[in-house]
Amino acid sequence: MDLTTLIRDIPDYPKPGINFKDITPLLKDPAGLAMAVERMANPFRGKGIEVVCGAESRGFIFGTAIAQALSAGFVPIRKPGKLPHTTASQSYDLEYGTDTLEIHTDAISQGQKVLMVDDLLATGGTLKACLDLVHDLGADVVGVTVAIELAFLNGREKIKPYDNVHAVIQY
Ligand SMILES: O=P(O)(O)OC[C@H]1O[C@H](OP(=O)(O)OP(=O)(O)O)[C@H](O)[C@@H]1O
Ligand SMILES: Nc1ncnc2[nH]cnc12
């Protein structure tokens, strides 16, 4: 199944010069959604993943589904002010702006095996912020999985030394 047929290009959104990869056609397609989750999770089966982490909001969509597929728990990394307990936060740049993400400081325990999930790797700013947050909590990051990688933006370089990065679709 060619999942690229379910990704829609929206030119100049949210800013001029950005070619936005719209995943909503994929999300509403039952077979497409199931296949995307399967392909994102498969390389990490049998790797002892205990916790899947994903960033608000598109990272939640795939993250929880992948957590279920791997019989793992899910830890949300959220936009500022949304988590009720004690948080750690990290600011970052992304392809079309800047933002801050937060995690509960008790969300991950020392040495827990973590899989980091997002829908899309562009500049890598978002994933780097997420990886820094879980690293500081003592996570053992087993890998990163995304549905889409915009390889021409070199996000993989930004998230080194994490190099076990799996992308289902690459542009
Ligand atoms: O690699 P980067 O350049 O950091 O870009 C990738 C990030 O951008 C999007 O999130 P966005 O902040 O737009 O939030 P959303 O998930 O709430 O739409 C996307 O879901 C990734 O998390
Ligand atoms: N080009 C893009 N399309 C969709 N989401 C994005 N997040 C960062 N860059 C993006």
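Ligands are counted one by one from 1 in listed order, and the atoms in each one are counted from 1 as well. Being a predicted model, the structure only gives us computed values, none of them experimental. Throughout, residue positions are numbered sequentially from 1 according to the sequence presented.
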Give me the residue, atom name and distance of the protein heavy atom closest to atom 3 (N) of ligand 2. Lys21 N, 2.8 Å
Enumerated ligand 1 atoms positioned under 4.0 Å from heavy atoms of Tyr96: 8 (O), 9 (C), 11 (P), 13 (O)
Starting from atom 7 (N) of ligand 2, what is the nearest protein heavy atom, named by residue and atom, and what distance separates them? Tyr96 OH, 3.2 Å
Is any side-chain heavy atom of Met1 less than 4.5 Å from a side-chain heavy atom of Asp29? yes
Over 12 non-hydrogen atoms of neighbours within 6.0 angstrom of CD in Gln68: no
Quick check on Leu120 - does any of its heavy atoms sit under 4.0 Å from an atom of ligand 2? yes
Does any part of the side chain of Asp99, heavy atoms only, come nearer than 4.5 Å to the side chain of Leu101, both counted from C-beta? no
Does Phe74 reach the side chain of Val51, with side-chain heavy atoms less than 4.5 Å apart? no
Would you indicate whether the side-chain heavy atoms of Pro14 and Ile18 approach each other to under 4.5 Å? yes
May I ask you to identify, for Leu150, whether its side chain, its backbone, both or neither come under 4.0 Å of ligand 2 on a heavy-atom basis? side chain
Name the closest protein heavy atom to atom 17 (O) of ligand 1, giving the residue it belongs to and the distance to 0.1 Å. Ser57 OG, 2.7 Å
heavy-atom search around atom 14 (O) of ligand 1 in the protein gives Lys79 NZ, 3.0 Å
For atom 9 (N) of ligand 2, the protein heavy atom that lies nearest, with its residue and separation: Glu95 OE1, 2.4 Å
So does Asn154 get a backbone contact from the side chain of Glu157, meaning a donor-acceptor N/O pair under 3.5 Å? no
Listed by chain and number, what are the ring pair (Phe, Tyr, Trp, His ring centres under 6.0 Å) partners of Tyr13, not counting sequence neighbours? Phe20
When you check the gap from the basic side-chain N to the acidic O, do Glu149 and Arg156 get nearer than 4.0 Å? yes
Which residue and atom name correspond to the protein heavy atom nearest atom 4 (O) of ligand 1, and how close is it? Thr126 OG1, 2.6 Å
Applying a heavy-atom cut-off of 4.0 Å, say which part of Asp119 lies close to ligand 1: side chain, backbone, both or neither. side chain
Check whether any side-chain heavy atom of Thr123 sits under 4.5 Å from a side-chain heavy atom of Asp93, and report yes or no. no
Residue-ligand contact Lys128/ligand 1, heavy atom below 4.0 Å: no
Can a non-hydrogen atom of Gly155 be found less than 4.0 Å from any atom of ligand 1? no
Under a 4.5 Å cut-off applied to non-hydrogen side-chain atoms, are Tyr171 and Lys21 in contact? yes
Please write down residue, atom name and distance for the protein heavy atom closest to atom 5 (N) of ligand 2. Arg58 NH1, 3.0 Å
Only heavy atoms of Arg58, strictly under 4.0 Å: list the atoms of ligand 1 that pass. 9 (C), 10 (O), 11 (P), 13 (O), 15 (P), 16 (O), 18 (O), 19 (C), 20 (O)
Give the residue, atom name and distance (to 0.1 Å) of the protein heavy atom nearest atom 6 (C) of ligand 1. Leu120 O, 3.5 Å
Give the atoms of ligand 2, by number and element, whose distance to some non-hydrogen atom of Ala122 is under 4.0 Å. 8 (C), 9 (N)
Which heavy atom of the protein is the closest neighbour of atom 3 (O) of ligand 1, given with residue, atom name and distance? Thr123 OG1, 2.5 Å
What is the nearest protein non-hydrogen atom to atom 8 (O) of ligand 1, stated with its residue, atom name and distance? Leu94 CD1, 3.4 Å
Below a 4.0 angstrom heavy-atom separation, can you tell me which part of Asp118, side chain or backbone, both or neither, approaches ligand 1? side chain
Between Arg78 and Glu56, is the closest basic N to carboxylate O distance under 4.0 Å? yes
Ranked by distance from atom 5 (O) of ligand 1, the top protein heavy atom is Ala122 CB, 3.6 Å
Examine Glu95 against ligand 1 and note whether any of their N/O atoms are separated by less than 3.5 Å. yes
Which of these, Asp119, Leu3, Ile7, sits in a side chain to side chain contact (heavy atoms under 4.5 Å, CB included) with Ile148? Ile7
Given side chains that start at C-beta, do those of Val141 and His135 come closer than 4.5 Å, heavy atoms only? no
